[in-house]
Protein chains: 2
Amino acid sequence: MRPTVHDIAAAAGVSLATVDRVLNQRAGVRKVTRDRVEQAIERIGYVRDVAAANLAKSRKYPFVFILPSGDNSFMRGLEAEVHAAMARGPLERMVISIVKVPAFDAEALVAALDEVRATAPAGVAVVAVESPEVIAAVNRLRADRIPVVTLVSDLAGSARDHFAGVDNVAAGRTAASLLGRFLGGRPGPIAVLAGSMLVRDHRERLDGFRAVMDEDFPGHTLLPVIEGQDDPVLTEKLVGEALAASPGTVGIYSLGAGNRGLIAALKQRKDAPPVCVIAHELTRHTRAALNEGLIDAVLNQDAGHEVRSAVRVLKAKADGAAVIGAQERIYIDIFLKDNLPFDEG
Amino acid sequence: MRPTVHDIAAAAGVSLATVDRVLNQRAGVRKVTRDRVEQAIERIGYVRDVAAANLAKSRKYPFVFILPSGDNSFMRGLEAEVHAAMARGPLERMVISIVKVPAFDAEALVAALDEVRATAPAGVAVVAVESPEVIAAVNRLRADRIPVVTLVSDLAGSARDHFAGVDNVAAGRTAASLLGRFLGGRPGPIAVLAGSMLVRDHRERLDGFRAVMDEDFPGHTLLPVIEGQDDPVLTEKLVGEALAASPGTVGIYSLGAGNRGLIAALKQRKDAPPVCVIAHELTRHTRAALNEGLIDAVLNQDAGHEVRSAVRVLKAKADGAAVIGAQERIYIDIFLKDNLPFDEG
DNA sequence: GAAAATTTGAGGTACGTAAATCAGAAAATT
DNA sequence: AATTTTCTGATTTACGTACCTCAAATTTTC
């Protein structure tokens, strides 16, 4: 049997009330008595039964997820995952709510963070936008002892508790490594398609990609980065133009979310020499393109994993419990047409 | 506020005792009354507070993990992960124990399963060995309504609740796809190194590998499978001989656990033309070999994920709760030297 | 050494559920 | 209609912890 508060009382030779005062750091206990109780706790290996404690406290865990609005399909998928977590929440006394903020708007994000802070939630998960003001706002939350997890996009220099997302530099490096090897020495320039270079994730991916290309595959030149703003129509046009301008192009790295346009552009040049394509994010479209051989590999971050990990970490932090590091590391999934998971997109 | 049993009683116009009888399927309730209560439950959206129920019942979850003994390093890593889960167990009222059984010994496994069954655990995870007797033994557990999860190695045709492991056919296909593309048309035979063809995982990987090689890269012949019995010394010898016999070999797929021997053999032929190598399981040795460029890619199944997933599923099944499919799917991790995780190994 | 302040003890109620007892009501059987 | 059987209600205790009150014991202060 696990020891209980009663066992502590007996072991320390004090009353239950005193044990309670020590355990819940209430005032009115002499230092010597406190020490005696703490030693007893240590000695008999008491661990608080969190479930029973929560029951007694009628404790709730109000968590807030701050997500960018807009029609970025990855973000909408992320939101769907948060909704799924929301539905499962009550089973574990969690009440999850979502606050939406215009994408890439640091000012709005700061306002949202401060508003959320006023509601004193048990934890906050936020898709960060990089700016000193945002860092300060996150630090204000932490100063209030509210756990903060950054989601998908980290906030370097802040006091956030945890980052639930992938290592984007490693993702870029991996993309370069795959692309370089898949090309197997076939010479020619390589095109890079991004959404916008203003986003940290995209910059990091590009940095990683560049580093490995320069180091391991110096034979290939990188064409100027195409910024398609994650817009299908614009992307299709720009990619088409770029391929026309550099007909010898042998590879494309699509590090953003503009895959629909890319795929459309690829379909238009069926007869042209093959181009090796590495893209990000497994969606209905990239999955189909993988199967058709239009795309050679897809690097994916699993939004469901990220959300569930964020929730677990927030809960653990709220309880003052330990986080299982290995469990919360989000790996980049690499999908070829040969290891596609069955359902969903 | 979430509705409680009292709310059910009020809504159905019955007493608490009757609600309890219905909720815990005790006898002595007329069909009509039972229906009325169940409708009330439905109507007010009652969900049992599992934490409170477990507290009242002083419920424990005794789970048993049945693992193969022997010095297979993957299995020992798996055991370490089970020990880690064991240590975290008490926080969630789980008591995990380990039963070890000689590897690949169906008879011993059956005996262990029946012995475990007699202790009426709340769930069993087992690294399965394929045999009709084992299937029958697993089905006996299921007949006793004991949840069963197969771990790492599945048991087709059995009534197990869940399989916590990777799709090994897809792993083999992925290996072939990577190897074929990395070779980029460079002709030459390919060697396959396995532990033993008696293990289902290995057979499945080989099947997947063969299928894609035949289909997509028919230019390469596959040399006869080398069975190194996962023994470093034997493996080094056999690989050395095979490479000497077929000096034109361009690729190696190591689908078992004999990587130390393989790496030793590779180091002996530094001056020889490069061979593209795909191996399984990220260990200290394969990680080092990746970094040195001796191995080009490592496919990995994360034992920690598998164990944690098995535990979660067993708990959910024991509670009669739903399993989050996407969360419990174990992906094959693909590691290049560019996306190696930092610690452990 | 008395008064004041602080510390400690004893006991209760609550959280939501499980499980039990026992009395009384309703139904089924004679 | 009387009896047996089956169903239902009312009530209690318990799980492990939190939180509250009030009294008693101890220490500190003057």
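In the text below, chain A, chain B and the rest are named by the order of the sequence lines, each starting its count at 1.
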Does a salt bridge link D49(A) with R93(B), judged by any charged N lying under 4.0 Å from a carboxylate O? yes
Any salt bridge between D161(B) and R142(B), counting N to O under 4.0 Å? yes
Tell me if a side-chain donor or acceptor on T150(B) pairs with a main-chain N or O of A164(B) at a distance below 3.5 Å.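 Side chain of T150(B) to backbone of A164(B): no pair is present.
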Looking only at atom types and distance, does a side-chain atom of R160(B) sit under 3.5 Å from a main-chain N or O of V148(B), one as donor and one as acceptor? no
Would K315(B) count as a cation-pi partner of Y61(B), with NZ or CZ less than 6.0 Å from the six-membered ring centre and within 45° of the ring normal? yes
Using whole Å, what does the distance between atom [atom2] of nucleotide [N] and atom [atom1] of [X] come to?
| X | N | atom1 | atom2 | value |
| --- | --- | --- | --- | --- |
| H6(A) | dG9(C) | NE2 | C1' | 14 Å |
| Q25(A) | dC19(D) | CD | P | 11 Å |
| Y46(B) | dA18(C) | OH | C1' | 10 Å |
| R34(B) | dC7(D) | CZ | P | 10 Å |
| L16(B) | dC22(C) | CG | P | 20 Å |
| N54(A) | dC19(D) | CG | P | 11 Å |
| K57(B) | dC15(D) | NZ | P | 16 Å |
| D49(A) | dC15(D) | CG | P | 13 Å |

Go through DNA chain C and write down every stem, that is, every run of at least three consecutive Watson-Crick or G-U wobble pairs with distances under 3.5 Å, as range with range. C:1-23 with D:8-30, C:25-30 with D:1-6
Examine [N]: is either OP1 or OP2 under 4.0 Å from a nitrogen or oxygen in the side chain of [X]? Give yes or no.
| X | N | value |
| --- | --- | --- |
| R21(B) | dG9(D) | no |
| R59(A) | dA18(D) | no |
| T18(A) | dT8(C) | no |
| R26(A) | dC19(D) | yes |
| R2(B) | dG16(C) | no |
| T4(B) | dG16(C) | no |
| R30(A) | dT8(C) | yes |

Pick the nucleotide of DNA chain C nearest each of G13(A) and D20(B); which residue has the one closer to the 5' end?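 Upstream on the strand: G13(A).
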Scan A53(A) against the nucleic acid and name what it touches under 4.0 Å (heavy atoms): base, sugar-phosphate only, or nothing.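 Contact class for A53(A): sugar-phosphate only.
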Identify whether any heavy atom of V50(A) sits under 4.0 Å from a base atom; if not, whether one sits that close to sugar-phosphate; answer base, sugar-phosphate or nothing. nothing
Going from CD1 on I8(A) to CD on E42(A), what distance comes out if it is rounded to the nearest 0.5 angstrom?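 Those atoms lie 11.0 Å apart.
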Calculate, to the nearest 0.5 Å, the distance between atoms CG and NZ belonging to N24(A) and K57(A) respectively.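 The CG atom of N24(A) sits 6.5 Å away from the NZ atom of K57(A).
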Tabulate below the donor-acceptor pairs under 3.5 Å that side-chain atoms of residues 110-125 of chain B make, not counting sequence neighbours, or state none.
unit_1	atom_1	unit_2	atom_2	d
D114(B)	OD1	R140(B)	NE	3.0
D114(B)	OD1	R140(B)	NH2	3.3
D114(B)	OD2	R140(B)	NH2	2.9
R117(B)	NH1	D144(B)	OD2	3.2
T119(B)	OG1	V116(B)	O	2.6

Both V5(A) and A17(B) contact DNA chain D. Which one's nearest nucleotide lies toward the 5' end?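 Per heavy-atom nearest nucleotide, the more 5' residue is A17(B).
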